[in-house]
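Shown next, in C-alpha cells, is the structure this report addresses.
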Amino acid sequence: MAEKKKFKIGIIGTGWIAESHVEAYKRCDDVEIVAAADLIPGKAEKFMAHYGIEGVHFYKDHKELIDNEPDLDGVSICTYNTQHAGPAIYCMEHNIPVLLEKPFCVTQEEAEAVIAAEKKSTAFITHGFQPRFDPNMQMIKRIVESGALGKIYYIQTGGGRRRGIPGSTFIEKSTGGIGALGDIGCYSLDMVLNAIGYPKPLTVTGYTSDYFGKNPKYTWSGDAKRFSVDDFAAAFVRLEGDIILDFRISWAMHADTPGDTIIFGTEGALRIPSTDCWNGSIGGAMTLYHDIAGMQFDTKIPVINENVNLWDRKIRSFLNAIEKGGPAPIPSSQILYNQAIIDGINRSNECGHEIELKFAD
C-alpha cells in the first residue's frame with residue numbers, strides 16, 4: 001500500500017500564536033513541518049525543539065525560507081501584525097498557499113497590496129478566523145439567511161475584557177501596529193459581517209484610546225512605558241444596504257462587557273451574549289425576539305456543544321483547500337472589508353471626523 005502523501009508546511013514566525021498552528025498540524029497525520037523562519041536568531045530552533053519536531057530547515061526570514069524550499073505545499077504566517085503583508089505577498093509571488101493569522105495586516109493599503117499579489121498568483125490566502133468554524137457562529141448566519149429577522153438595519157456588536165491587556169509584540173506600534181482593534185476587534189466584526197454577507201463599508205466615524213495600557217496600575221510598569229497602540233475603540237459604520245454598525249472593543253475597562261451583540265431586523269432581532277474574552281464561540285443561549293400571530297415572543301436558541309477544536313477545523317480547511325487548489329475557505333475579498341473598517345477607525349480618530357472608505361478597483 002502506497003504511503004499517504006504528506007503536506008509539506010512552513011512556519012513563518014515562531015511566537016505565541018504559532019504554538020496553536022503547530023499543535024494543530026501535529027495532530028494531522030498527513031502533515032510534515034519542514035521549514036521555519038524567525039527574525040530572532042535561534043528562536044525557531046528552540047521552538048521546534050520544544051515541540052519535538054525534527055528534520056526542520058531553519059531560516060533567518062521569510063524570503064530565505066521561500067527561496068530555499070521549492071516543494072512547500074503551504075505556509076502559516078504567524079508573525080506580528082506589521083509583518084503580515086510582506087511574507088504574504090512574497091508567498092503569492094512564488095505561488096505558495098498561505099494561512100495568514102489574523103488580523104489581515106494593519107492598514108487597508110497593505111491589505112489591497114496583498115490582494116493584488118494574490119490575484120496574479122495561482123495560489124490563495126485564507127485567513128485565521130477560527131470562530132467561523134464554530135457551530136454557534138454558523139447558526140447566527142443561518143438565522144439571518146433564513147429571513148427570520150427580515151431586513152437587517154442596525155447591528156450593535158463588540159466585546160472585550162475587564163482586564164486583558166497582553167504583552168509582547170501586541171502592545172507596540174512598531175510590531176502590533178494596532179491593539180485591541182486587531183487582536184479581538186477583527187473577530188467581533190467578522191462574526192456579524194459574515195452573518196449578513198459582508199456588505200461593503202461606506203463610511204466610518206471612529207474613536208480609540210489607550211488610558212489603561214499606559215497606566216502601570218493596569219499593566220506591568222515596563223509594559224505601560226512601551227504601550228503605543230489602542231486598548232479601546234468604538235465606531236459608527238455605515239454599510240451598503242442601508243445598514244448601521246455600532247461597534248466597540250476593549251482590552252480593559254471598568255465593566256464586564258461593553259454589551260451583547262444585537263442584530264436588529266424588520267421581522268425580528270437576535271441577541272448574542274458576549275463572552276468574558278473572545279474564545280471563538282458565544283457567551284450563552286441566544287434569544288430571537290419576534291412576533292407570532294400579533295403577539296410578542298422570545299425564543300431561546302441553546303448553545304450547540306460539539307466539543308470540537310476550532311483550530312483543528314481551521315487547519316484542516318486550509319489543507320483541504322491546498323489539495324483542491326482552492327478556493328480559500330475564508331477569502332481575502334471579505335477580510336479586506338474587515339481591515340478597512342479597522343483602519344478607518346484609526347484614520348477617523350486621527351482626523352476627528354467621519355471618513356469615506358474607498359477601495360481599489
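All values below come from the heavy atoms of this structure, side chains included, with hydrogens, waters and symmetry mates left out.
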Side-chain heavy-atom pair [X], [Y] within 4.5 angstrom cut-off:
X: Ile33; Y: Tyr51; value: no
X: Ile143; Y: Ile301; value: yes
X: Thr82; Y: Ser174; value: no

Looking at [X] and [Y], would you say the former's side chain and the latter's main chain have a donor-acceptor pair under 3.5 Å?
X: His84; Y: Pro103; value: yes
X: Gln83; Y: Ile77; value: no
X: Gln296; Y: His290; value: no
X: Asp73; Y: Ile9; value: no
X: Asn68; Y: Glu64; value: yes
X: Gln156; Y: Leu245; value: no
X: Ser250; Y: Gly160; value: no
X: Gln334; Y: Pro331; value: no
X: Asn81; Y: Gly176; value: yes
X: Thr122; Y: Asn95; value: no

Practice task
Might you work through the side chain to side chain donor-acceptor pair (under 3.5 Å) test for Tyr80 and Glu172, ending with a clear yes or no?
Solution key: CA-CA 10 Å; Tyr80 44 77; Glu172 293 187 77; over 6 Å; no
Could you give the distance from [atom1] ([X]) to [atom2] ([Y]), rounded to the nearest 0.5 Å?
X: Arg163; Y: Thr219; atom1: CZ; atom2: OG1; value: 10.5 Å
X: Ile272; Y: Met191; atom1: CD1; atom2: CE; value: 4.5 Å
X: Ile315; Y: Leu310; atom1: CD1; atom2: CG; value: 12.0 Å
X: Asp38; Y: Lys60; atom1: CG; atom2: NZ; value: 13.5 Å
X: Trp311; Y: Glu23; atom1: CH2; atom2: CD; value: 9.5 Å
X: Asp30; Y: Glu323; atom1: CG; atom2: CD; value: 8.0 Å

Which pair of heavy atoms, one from [X] and one from [Y], lies closest together, and at what distance?
X: Leu270; Y: Ile140; answer: CD2-CG2, 4.2 Å
X: Gly13; Y: Cys78; answer: O-CB, 3.5 Å
X: Ser281; Y: Thr275; answer: O-CG2, 3.9 Å
X: Tyr198; Y: Asp190; answer: OH-OD1, 2.7 Å
X: Pro302; Y: Asn136; answer: O-OD1, 4.3 Å
X: Pro258; Y: Arg248; answer: O-NH1, 2.9 Å

Exercise for the section: Please check if Ile11 and Ile125 belong to a single hydrophobic cluster, counting links between Ile, Leu, Val, Met, Phe, Trp and Tyr side chain heavy atoms closer than 4.5 Å. Expected result: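 Hydrophobic grouping puts Ile11 apart from Ile125.
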Return yes when atom [atom1] of [X] has more than 12 non-hydrogen atoms of other residues, nucleotides or ligands closer than 6.0 Å, and no otherwise.
X: Lys8; atom1: NZ; value: no
X: Lys151; atom1: NZ; value: yes
X: Arg238; atom1: CZ; value: no
X: Lys63; atom1: NZ; value: no
X: Glu93; atom1: CD; value: yes

When you check the gap from the basic side-chain N to the acidic O, do [X] and [Y] get nearer than 4.0 Å?
X: Asp183; Y: Lys102; value: yes
X: Asp231; Y: Arg161; value: no
X: Asp343; Y: Arg347; value: yes

Does the side chain of [X] come under 3.5 Å of the side chain of [Y] through a donor N or O and an acceptor N or O?
X: Tyr90; Y: Asp67; answer: yes
X: Thr175; Y: Thr169; answer: no
X: His21; Y: Glu101; answer: yes

Practice task
Could you walk me through whether Phe133 and Ser317 pass side chain to side chain contact (heavy atoms under 4.5 Å, CB included), step by step?
Solution key: CA-CA 9 Å; Phe133 301 99; Ser317 75; 3.4 Å; yes
Problem - Aromatic ring proximity Tyr211/Tyr218, centre distance under 6.0 Å - result: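 No.
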Exercise for the section: Take the angle between the ring planes of Phe264 and Tyr153 and call it parallel below 30°, perpendicular above 60°, tilted in between. Expected result: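 Judged by the thresholds at 30° and 60°, the geometry between Phe264 and Tyr153 is tilted.
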Practice task
Report yes or no: is the cationic atom of Lys214 (NZ for Lys, CZ for Arg) closer than 6.0 Å to the six-membered ring centre of Phe212, at no more than 45° off its axis?
Solution key: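 Relative to the ring axis of Phe212, which defines the angle, Lys214 lies outside at least one limit.
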Practice task
Quick one: do Ile342 and Phe104 satisfy side chain to side chain contact (heavy atoms under 4.5 Å, CB included)? Show the steps, please.
Solution key: CA-CA 10 Å; Ile342 289 171; Phe104 193 151; over 6 Å; no
